[in-house]
Amino acid sequence: MGTLAAPSIYVLRVYCVRGFHIISYGVGTYLLNLLIGFLSPKYDPELEALDGHTRDSDEYKPFVRRLPEFLLWYATTKAFVVAFFMTFCSVFDIPVSWPILLCYWIVLFVLTMKRQITHMIKYKYVPFGYGKLRYTRKKSAASNVGSSSD
C-alpha cells in the first residue's frame, strides 16, 4: 500500500505545482534501471558462456533475480519519497520541455526492453513463474488399440 501511496502523492504534488519534470524524468530512469535488475538473472548466462561453465544438460536451475522483489518495492517507494521531498526545493525545478523528456524516456524504455527481451530469448530464461506445472499421463498405445468401437 505504501508503494502505491508514494507515487500517487508524488504525481499529485507534481501536477499541482506544474513543475519538477526533470525530477520525474530521473525517477522514471531510476525505475527503468530497477526493472532491468528485476528482470535480469543474478548470474549472467552470457558471462558463463564465455567462461565455459555452461552445460547443455536438462538440469533445472531456478531463476534467481539480480534484484529481489522486496528490494524492488523498497527502492521504488524510497525513490518516490525522496523525489517528493525534492519538489519542495526550488533548485530542482529546472525549466525543461516535458514532452521532449517524455518522448526520450519512451524511446529509452523501448530500446532497453527490446535488448532485455532479446537477451531473455537468446539464453532461454523467463523471469516470471506461472504457478505449479501439472503433468498429465500420456495414454499408452496398447490402451488405444482395444478402445475402438466398430
Side-chain angles (χ1 to χ4, degrees), residues 1-140:
M1 294 305 286
T3 304
L4 293 176
S8 301
I9 293 170
Y10 174 74
V11 167
L12 184 65
R13 168 83 177 142
V14 168
Y15 178 75
C16 290
V17 175
R18 299 207 189 274
F20 299 99
H21 302 296
I22 200 77
I23 294 174
S24 299
Y25 175 76
V27 169
T29 305
Y30 180 69
L31 293 178
L32 181 60
N33 187 26
L34 289 176
L35 180 65
I36 293 302
F38 181 71
L39 295 177
S40 299
K42 187 172 187 176
Y43 305 106
D44 193 5
E46 189 171 19
L47 295 177
E48 289 180 6
L50 292 175
D51 291 342
H53 293 293
T54 58
R55 289 180 253 158
D56 290 333
S57 66
D58 290 337
E59 177 183 343
Y60 173 73
K61 289 195 252 180
F63 182 78
V64 179
R65 299 178 190 284
R66 187 181 322 156
L67 180 68
E69 186 176 1
F70 176 77
L71 293 179
L72 172 77
W73 292 113
Y74 177 71
T76 300
T77 306
K78 190 168 61 171
F80 277 109
V81 168
V82 168
F84 175 75
F85 285 114
M86 286 175 74
T87 61
F88 289 102
C89 186
S90 62
V91 173
F92 298 114
D93 192 11
I94 300 169
V96 293
S97 175
W98 68 266
I100 293 173
L101 281 180
L102 181 62
C103 290
Y104 182 69
W105 187 86
I106 290 171
V107 167
L108 184 68
F109 178 81
V110 168
L111 292 176
T112 305
M113 291 310 294
K114 179 183 174 194
R115 190 186 76 207
Q116 184 67 29
I117 290 170
T118 55
H119 190 267
M120 290 161 59
I121 292 170
K122 181 178 179 182
Y123 293 103
K124 298 178 179 99
Y125 66 89
V126 180
F128 303 109
Y130 298 105
K132 186 176 179 179
L133 294 175
R134 298 179 190 265
Y135 297 100
T136 58
R137 285 186 129 167
K138 291 183 178 180
K139 290 185 178 182
S140 65

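In this text the structure is predicted, and so the values were computed from the model without any measurement.
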Distance (rounded to the nearest 0.5 Å) between Q116 CD and F38 CZ: 11.5 Å
Stepwise side chain to side chain contact (heavy atoms under 4.5 Å, CB included) check, K42 with L67: CA-CA 8 Å; K42 187 172 187 176; L67 180 68; over 6 Å; no
Proximity of Y25 and H21 rings by center, below 6.0 Å: no
Side chains of L31 and L35 in contact at under 4.5 Å (non-hydrogen atoms): no
Stepwise side chain to side chain contact (heavy atoms under 4.5 Å, CB included) check, V17 with T87: CA-CA 9 Å; V17 175; T87 61; 5.8 Å; no
Expected output: side-chain Y43 to main-chain V64 donor-acceptor under 3.5 Å: no
Spacing of L101 atom CG and L108 atom CG [to the nearest 0.5 Å]: 11.5 Å
Spatial distance of atom CZ (R13) from atom CD1 (I9) [nearest 0.5 Å]: 12.0 Å
From M86 atom CE to I23 atom CD1, the distance as rounded to the nearest 0.5 Å: 4.5 Å
Aromatic ring pairing Y74/F70, orientation class (parallel under 30°, perpendicular over 60°, tilted between): parallel
I100 atom CD1, over 12 foreign heavy atoms within 6.0 Å: no
Minimal non-hydrogen separation, V81 against A6, with atom names: CG2-CB, 4.3 Å
Exercise: identify the closest heavy-atom pair between V27 and A83: CG2-CB, 3.5 Å
Side-chain donor/acceptor of R66 to backbone N/O of G37, under 3.5 Å: no
T112 (side chain) donor-acceptor with F109 (main chain) under 3.5 angstrom: no
Validation row: M113, I36 side chains within 4.5 angstrom (heavy atoms): yes
Side chain to side chain contact (heavy atoms under 4.5 Å, CB included) between S8 and F80, intermediate numbers included: CA-CA 9 Å; S8 301; F80 277 109; over 6 Å; no
Test: R18 cationic atom under 6.0 Å from Y15 six-membered ring centre, within 45° of axis: yes
Non-hydrogen atoms of G19 and V14 that approach each other most closely: O-CG1, 3.3 Å
Intermediate values then yes/no, side chain to side chain contact (heavy atoms under 4.5 Å, CB included), W105 and T29: CA-CA 7 Å; W105 187 86; T29 305; 3.8 Å; yes
Distance, nearest 0.5 Å, that separates CG of L4 from OG1 of T77: 8.5 Å
Spacing of OG belonging to S90 relative to CZ belonging to F20, to within rounding of 0.5 Å: 7.0 Å
